[in-house]
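Notes to accompany the following structure.
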Protein chains: 4
Amino acid sequence: MRRPAGGSSLASASSRPRTLKSVARRNAILDAALDEFSARGFAAARLDDVAKRAGVAKGTIYLHFADKESLFQELIRFKMGPVVGTLESVFAADLPLRTMAEQALEIFVREVYNTQRKQVLRLIISEGPRFPVLAEFYYREVLSRILRGVRAILRHARERGEIDDDAFIRFPQLIGAPGIIAIVWSGLFDRFEPLDVRAMMQAQFNFLFGTRRPQ
Amino acid sequence: MRRPAGGSSLASASSRPRTLKSVARRNAILDAALDEFSARGFAAARLDDVAKRAGVAKGTIYLHFADKESLFQELIRFKMGPVVGTLESVFAADLPLRTMAEQALEIFVREVYNTQRKQVLRLIISEGPRFPVLAEFYYREVLSRILRGVRAILRHARERGEIDDDAFIRFPQLIGAPGIIAIVWSGLFDRFEPLDVRAMMQAQFNFLFGTRRPQ
Amino acid sequence: MRRPAGGSSLASASSRPRTLKSVARRNAILDAALDEFSARGFAAARLDDVAKRAGVAKGTIYLHFADKESLFQELIRFKMGPVVGTLESVFAADLPLRTMAEQALEIFVREVYNTQRKQVLRLIISEGPRFPVLAEFYYREVLSRILRGVRAILRHARERGEIDDDAFIRFPQLIGAPGIIAIVWSGLFDRFEPLDVRAMMQAQFNFLFGTRRPQ
Amino acid sequence: MRRPAGGSSLASASSRPRTLKSVARRNAILDAALDEFSARGFAAARLDDVAKRAGVAKGTIYLHFADKESLFQELIRFKMGPVVGTLESVFAADLPLRTMAEQALEIFVREVYNTQRKQVLRLIISEGPRFPVLAEFYYREVLSRILRGVRAILRHARERGEIDDDAFIRFPQLIGAPGIIAIVWSGLFDRFEPLDVRAMMQAQFNFLFGTRRPQ
DNA sequence: GATGAATGAGGGTTCATTCAT
DNA sequence: TATGAATGAACCCTCATTCAT
């Protein structure tokens, strides 16, 4: 369930730990923090538990992060940063709309939904309103880029006659909506009624782009 | 000496308080609690602030609610309970699908989105994962009923030939998705890029049910 | 050894506790704080110990004082404030220089040296350099007034021909010097060689004003 | 593996360190420590800052001193030790009282007041009460010697008929008092009202020994 | 020797909860 | 009922001290 969180850390800031051990420790702390923050929320999470889970002493956290809030913010940045690069490359391709949607779905499921990043997104959703800097980071570095890319693709598709509706362009959120809904749902209701993300996204795509061979 | 401040777990029901003043006080506390919990999250909210905002003493809160968590849970129940009844009546009607969707949209915007209930939903989304009882309450008392109602309507509509797809029935969440997305979005990104709920829901309806006179 | 610290609290600021109990508690905390701060210094003193000594819970301290530093500053103000008034009245009288000196000596010994105020002065001397606000308070509210009063008296005495030297007026500190020295000495060396404040002050007065019947 | 960083409690003596570098380092640490202890007090000073200021690693301090308190005590000893010798030589001379006083004044101003030693004395005054060993060291190694010397001189002077008062002999502290007062004053009130040590000491000498050519 | 990352006990502060009035 | 002073457990953060390199 833990992933050593390699990743290029495009957006991560501050902190320049030299040794390998130091990096490993930092990552262990970040992973532990993600677990604890996810399980209890930012305010209720205890750095004591983060330390315990990371296998370090409490003070060690402060060698890597200025305080609890910094840890939280850097956590989000660190785990989210790498996505950006990946996304840009998807948008670069020039394929039929539906194909791209399928690809995006796969990327989302593989890189986000079945990943720590699901927790990260949940944290952004939960805590974002109390951390404007964080919400802004996510909007600027991730979301707005995705939206821009999607809109470009959609405009392209319309020029090619693949779609005739401009609702897409006004509300590209609708494309990702099922993904977000699934993330929210899974945290709340999965034990009552599990939800098949992939299938729901497919269904939405069918509505949006018309029925195709799904997969 | 203390009154455990029942609340039978059944939806709303202002747990039989004696005087009128008492009811008013209780409501004031609930309103204040909603504001504070929304602004700071459950864990970070201070009962001191709730009391101040409600214009009562801190101890008074404990005359109406067993503890902070009870206050939170009863808050959700109290603010969400009434919705249920309203919804049932909508489902009862037997109108064309699109018409019903339009009605549901209006109800959602009027009764939820432009209301305290938006905050309540946000709280459920944010804090629900840490309050299984609450998630269960919401699922059982609200969500599952809505889904059941929607599914019934959809099945009806299919029988009437209004729709031929069973994706609806498998994923009725897609109908409400834009509403949830808008609630999440508004808490995070409205200052960067506001979102027109109504229009986005319309757009989604167009995709789902085909284009109609939107209003 | 403790003195309930009545006193009019001329300079004391903030905090308006209503009840008698509240005032008593506040005073108990101030007394305990004086003891602890005196024994260990500001930085090393533990509020835990202050609370214990005052017979209250740790949190209670924060009902009366914003934080450790406030407690410290208000302590100094509270214990020093009352002196001011007393002093003014001494200066008001119009007596022979030596007589006034004798009176000042008595007041100093009675009101300061054999009092909590000795500890307070020691704290001002020890911690003042790190608490400029405090040093300023003491200078403005106490010291400068004393110096002003003394200088006025001396000028008067010179006009009367009681003294012909202006060294007094330039360095009125010399009059109080033995008192301060005694306070410093007693904290450091009393166990090796005790010092008789009264006698030393008398000796200094003899040097300054010429030998007289010392009382 | 560690060297307990002796320091035999005898005054100064840079506890026989091997290399020249080592001595320099030790001195750098002592200087840095003096600065930090003076600025923040013993308890609040951070060894981290001492190390930074001394240009060494934190651990290095522990190669030279057993712990924070040892560093502090050795600091006082090291900076105060040398004074002793100097003083003895002054007392050895056999000059008129006033002349000796003038000389002592000069030595005090040159060797103490315009020196790091002023800070050291301030530290003794501030922290001495919490460090009995230190107060004892200072009393035994410095103060009692000075007092003994002064008393000897005074007795001598009386035999010569230079003075007829025994107040001096009972309270030789009065001779040094203005120096101590000036040190205390300068740390607290110099920004409000600076004090001319030399002049104040002269004034006191005039009172004590009668007016003479002040240089 | 020298370093500085790591440790973890300690202490200031907060705040849910209690209870005397 | 209502109050709000009092409580004390809990938690973030600091920093003296250790120790592997």
Side-chain angles (χ1 to χ4, degrees), chain A residues 17-19 21-22 25-26 43-52 55-71, chain B residues 1-3 17-19 21-22 25 43-52 55-71, chain C residues 17-19 21-22 25-26 43-52 55-71, chain D residues 1-3 17-19 21-22 25 43-52 55-71:
Chain A
R18 276 322 114 64
T19 71
K21 277 271 271 301
S22 176
R25 259 180 152 76
R26 192 186 145 94
R46 284 168 304 190
L47 290 192
D48 232 341
D49 291 341
V50 172
K52 219 165 289 167
V56 302
K58 218 186 335 177
T60 304
I61 294 176
Y62 290 87
L63 296 176
H64 295 272
F65 306 94
D67 56 17
K68 196 187 185 187
E69 187 169 331
S70 293
L71 169 58
Chain B
M1 193 171 260
R2 188 84 16 72
R3 205 178 46 104
R18 298 295 130 71
T19 71
K21 273 269 275 297
S22 176
R25 263 181 148 75
R46 283 168 303 186
L47 290 191
D48 230 341
D49 291 339
V50 173
K52 217 167 291 166
V56 303
K58 216 183 338 173
T60 304
I61 294 176
Y62 287 85
L63 297 174
H64 293 271
F65 306 94
D67 55 19
K68 195 186 184 187
E69 187 170 330
S70 293
L71 168 58
Chain C
R18 277 323 113 64
T19 72
K21 275 271 272 301
S22 177
R25 259 181 153 74
R26 192 188 146 93
R46 285 168 303 191
L47 291 190
D48 231 341
D49 291 340
V50 172
K52 219 166 289 167
V56 302
K58 213 174 356 164
T60 304
I61 294 176
Y62 289 86
L63 295 176
H64 295 272
F65 306 94
D67 54 19
K68 197 188 185 186
E69 187 169 332
S70 293
L71 168 57
Chain D
M1 192 171 260
R2 189 79 19 71
R3 203 176 47 104
R18 299 294 132 71
T19 72
K21 274 268 276 295
S22 176
R25 264 179 147 75
R46 283 166 303 185
L47 290 191
D48 230 342
D49 291 340
V50 173
K52 217 168 291 168
V56 303
K58 216 184 336 174
T60 304
I61 294 176
Y62 287 86
L63 297 175
H64 294 271
F65 306 94
D67 55 19
K68 195 187 184 186
E69 188 169 329
S70 293
L71 168 57

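Below, read A as the first sequence line, B as the second, and so on, with proteins coming before strands; counting in each chain starts at 1. Quick caveat: nothing in here was measured; it's all calculated off a predicted structure.
Taking every heavy atom of both residues into account, C:L47 and C:I61 meet most closely at O-CD1, 3.5 Å. Minimum interatomic distance between A:H64 and A:T60 (heavy atoms only, all atoms of both residues): CD2-O, 3.4 Å.
What separates NZ of A:K21 from P of F:dA20 is a distance of 10 Å, to the nearest Å. Remark: C1' of F:dC15 and NZ of D:K52 are 12 Å apart, rounded to the nearest angstrom. The distance between atom CG of B:D49 and atom P of F:dG4, rounded to the nearest whole Å, is 15 Å. What separates CD1 of C:I61 from P of F:dG8 is a distance of 13 Å, to the nearest Å. In this structure, C:F65 places its CZ atom 12 Å from P of F:dA6, rounding to the nearest Å.
Helical stems of DNA chain F (runs of at least 3 Watson-Crick or G-U pairs, donor-acceptor distances under 3.5 Å) are listed by first residue: E:2-21 with F:2-21.
Evaluation of the salt bridge (Lys or Arg N to Asp or Glu O under 4.0 Å) test over residues 56-70 of chain D, restricted to residues two or more places apart or in two chains, returns D:D48-D:K58.
Under 4.0 angstrom from either OP1 or OP2 of F:dA6 there lies at least one side-chain N or O belonging to C:H64.
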Indicate for each nucleotide in nucleotides 7-12 of chain E, in 5' to 3' sequence, whether protein heavy atoms under 4.0 Å reach the base (B), only the sugar-phosphate (S), or nothing (-).
BB-BSB

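By the side-chain contact (heavy atoms from CB on, under 4.5 Å) test, C:A43 is found to be paired with D:A43, D:A44, residues two or more places apart in sequence or in another chain being considered.
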